[in-house]
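Since the structure comes first, as structure tokens, the remarks are kept for the end.
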2 protein chains.
Amino acid sequence: MDAKHTADLVVLTIRDDLLKILLVVRENEPFRGRLALPGGFLRPGEDLERTARRELAEETGLEAHQLPLLQLHTYSDPDRDPRGRVITTAYLAIAPDLPTVAGGTDARSADWVEVDDSLREQLAFDHWIIIDNAMERIRSELEYTPLATSFCPQVFTLSELRRVFELVWGVTMDPGNFRRKVATIKGFVELTGRKRHNRDGGRPADLYRRGRARTLNPPFRRPVGAR
Amino acid sequence: MDAKHTADLVVLTIRDDLLKILLVVRENEPFRGRLALPGGFLRPGEDLERTARRELAEETGLEAHQLPLLQLHTYSDPDRDPRGRVITTAYLAIAPDLPTVAGGTDARSADWVEVDDSLREQLAFDHWIIIDNAMERIRSELEYTPLATSFCPQVFTLSELRRVFELVWGVTMDPGNFRRKVATIKGFVELTGRKRHNRDGGRPADLYRRGRARTLNPPFRRPVGAR
DNA sequence: GTAATAGTGTCTCTAAGACAGTATACC
DNA sequence: GGTATACTGTCTTAGAGACACTATTAC
């Protein structure tokens, strides 16, 4: 049988010291007016990753040519879309805090919503399941891959990096042990030699950039009590 | 745009002390006569996991109602199928050594092929990429999930379980350390109390069954030099 | 007894967690 | 000086790897 196919995006960032997801208000039926993941239909000649990038730009104004996309999962319940047979593949994008986004053609507006809040909303389609699955995947990816650095700008402090782990896992971590742990993982981060001064005083922090490692060895272990 | 959608299966087992994958010889064009993953087209009312189960039964005679399927990745290159726009979602199934399989309707024959051999064959479509990605995924899953027990029958010895890790990772492991490691992971395996006697002598081995853990804590660490 | 396989104990080293102490900034 | 943030060191414990040793079978 023939089906339509969409790519939906879970776009995450840290803003105001909170973990936030990019959601759009649907402009068209079905679920007009509801919050939804940005995304849209596959076009001829495109693969799904290109669809995801194009829709992200169209719906939110985020140009993401260099943003790495991670394919998450494909949802194919026959009844998941009231319009008929629509299969969707979810992609993950993580960005450092970005300028406020603007709605594009398909969506009335695009905004950052705290992830926990988004899961309490009435979302369009099965999007709450997609977000829920995505969050569990991200919590796991933090253990074994340098994904956490995707939340940080090009150069960052270890406090910023630690905050990513704390927000995603819902824990607090000892700064000293975190620093030592990061240092034992080869290729995770590199010293830049520069420092960042704080407004309110305090010792200036060393600035780091991402390393070349594509996998963390040894991996992080999610603390007991973490999400 | 509309597209056709297929589910393809990476079915693995250990036979003759080798890691083997289930492949079919294609009965129809395109790629008639070539080896391919079992799989086929989505039908109305089915989700992709049901498609995968149905095709597995039709093409290979394997009834897999209770076999857990793990969704791997969706492949959507516009040119991946010469017939036109066909997107495929790959699923993983792992089975303990099974009775020899027979070809079904769509496929001339189904047979177990050593995985490394399969990657040297000229496979249909992009199936070598799917297998390659699947193997990397499995190597990773062994670290964090009880997937290894899926290769074993309901009750098994620790030597059998250790052999799964050795074959998938391409290493040899110290039996004593492996035993101690397995014991520290809560809910990974449980003692049955029974023992298995060997033909050629040797101390009888304790028999275990899978535990309830869905994630390994602490996880295994892939030895250096492992695949 | 020997050969074969299963299982235990011990020693060393790495890594994790708790937490005290030091360093460098702003005020 | 006080406060705030960044970083270092030390102690204890858990886990990994190497490897010697004991246990139980077939022959």
Side-chain angles (χ1 to χ4, degrees), chain A residues 17 142-144 152 155-166 169 171-208 213 215-226, chain B residues 17 142-144 152 155-166 169-209 213 215-226:
Chain A
D17 201 43
L142 280 204
E143 299 182 53
Y144 320 119
C152 300
V155 295
F156 51 87
T157 68
L158 289 194
S159 296
E160 289 173 327
L161 183 61
R162 176 169 46 86
R163 198 73 193 117
V164 175
F165 285 86
E166 292 182 333
W169 283 343
V171 296
T172 61
M173 297 171 88
D174 180 271
N177 292 339
F178 180 81
R179 169 178 313 278
R180 181 160 44 79
K181 171 63 185 165
V182 166
T184 64
I185 304 175
K186 270 193 216 157
F188 186 20
V189 297
E190 295 172 355
L191 263 175
T192 63
R194 288 185 289 152
K195 289 180 187 294
R196 173 178 300 165
H197 287 249
N198 300 292
R199 277 167 300 254
D200 326 326
R203 177 172 172 174
D206 286 327
L207 284 169
Y208 291 79
T215 178
L216 303 187
N217 216 295
F220 273 89
R221 287 187 55 183
R222 236 189 286 191
V224 287
Chain B
D17 201 44
L142 279 204
E143 299 182 53
Y144 320 120
C152 299
V155 296
F156 50 87
T157 68
L158 290 194
S159 297
E160 288 174 327
L161 184 61
R162 176 168 45 85
R163 198 71 194 121
V164 175
F165 285 86
E166 292 182 334
W169 283 344
V171 296
T172 61
M173 298 171 89
D174 180 90
N177 291 339
F178 180 81
R179 169 178 312 277
R180 180 160 44 80
K181 172 64 184 162
V182 166
T184 66
I185 304 174
K186 270 194 215 157
F188 186 22
V189 298
E190 295 172 356
L191 263 175
T192 63
R194 288 185 289 153
K195 290 181 185 293
R196 174 178 300 165
H197 287 248
N198 300 290
R199 275 167 300 255
D200 324 328
R203 178 172 171 174
D206 286 327
L207 284 169
Y208 292 80
R209 66 172 89 75
T215 178
L216 302 187
N217 215 294
F220 273 89
R221 288 188 54 183
R222 237 190 284 192
V224 288

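Keep in mind that the numbers below use all heavy atoms, side chains included, and drop hydrogens, waters and symmetry copies.
Residues from residues 188-199 of chain A with heavy atoms under 4.0 angstrom of DNA chain D, sorted by number: A/Asn198. At a non-hydrogen distance threshold of 4.0 Å, A/Ser159 from residues 156-164 of chain A come into contact with DNA chain D. For the contact set between residues 173-187 of chain A and DNA chain C, defined by any heavy atom under 4.0 Å, the members are A/Asp174, A/Asn177, A/Arg180, A/Lys181.
The two residues B/Arg163 and B/Asp17 make their nearest non-hydrogen contact at NE-OD1, 2.8 Å. Here the closest non-hydrogen pair linking A/Thr184 and A/Pro218 is O-CD, 3.9 Å. Shown here for B/Pro204 and B/His197, the closest heavy-atom pair between the two residues is CG-CE1, 3.5 Å.
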Find every protein N or O atom lying less than 3.5 Å from an N or O atom of nucleotides 1-4 of chain C, and list the pairs.
| from | atom 1 | to | atom 2 | distance (Å) |
| --- | --- | --- | --- | --- |
| C/dA4 | N3 | B/Gly202 | N | 3.2 |

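A/Phe220 has its CZ atom 10 Å from the P atom of C/dG17, to the nearest Å. Rounded to whole angstrom, the span from the CZ atom of A/Arg222 across to the P atom of C/dG17 amounts to 14 Å.
The CZ atom of B/Arg162 lies 16.0 Å from the NZ atom of B/Lys181; values are rounded to the nearest 0.5 Å.
Among residue pairs with one or both ends in residues 184-198 of chain B, those qualifying as salt bridge (charged side-chain N to carboxylate O under 4.0 Å, His left out) are B/Glu160-B/Arg196, B/Glu190-B/Arg209, B/Glu190-B/Arg212, B/Lys195-B/Asp206; sequence neighbours excluded.
Map A/Arg221 and A/Pro204 each onto its nearest nucleotide of DNA chain C; the residue landing nearer the 5' end is A/Arg221.
For the pair A/Tyr208/A/Val155, no side-chain contact is recorded, criterion being any heavy-atom separation below 4.5 Å from C-beta on. Counting heavy atoms from C-beta on, the side chains of B/Val182 and B/Phe165 never come closer than 4.5 Å. Between A/Leu142 and A/Arg222 the shortest side-chain heavy-atom distance does not fall below 4.5 Å. B/Val164 is not listed as a side-chain neighbour of B/Phe156, based on a closest heavy-atom distance of 4.5 Å or more. With contacts defined as side-chain heavy-atom distances shorter than 4.5 Å, the pair B/Leu207/B/Thr157 qualifies.
A donor-acceptor distance shorter than 3.5 angstrom exists from the side chain of B/Thr215 to the backbone of B/Tyr144, with no hydrogens or angles considered.
Ring orientation note: the planes of A/Trp169 and A/Phe220 are nearly perpendicular, at an angle over 60° on the 30°/60° scale.
Residues forming a side-chain hydrogen bond (donor to acceptor under 3.5 Å, both in side chains) with B/Asn198 (at least two apart in sequence, or on another chain): none.
The side chain of B/Ala205 has C/dG7 as its nearest neighbour among D/dG15, D/dA6, C/dG7.
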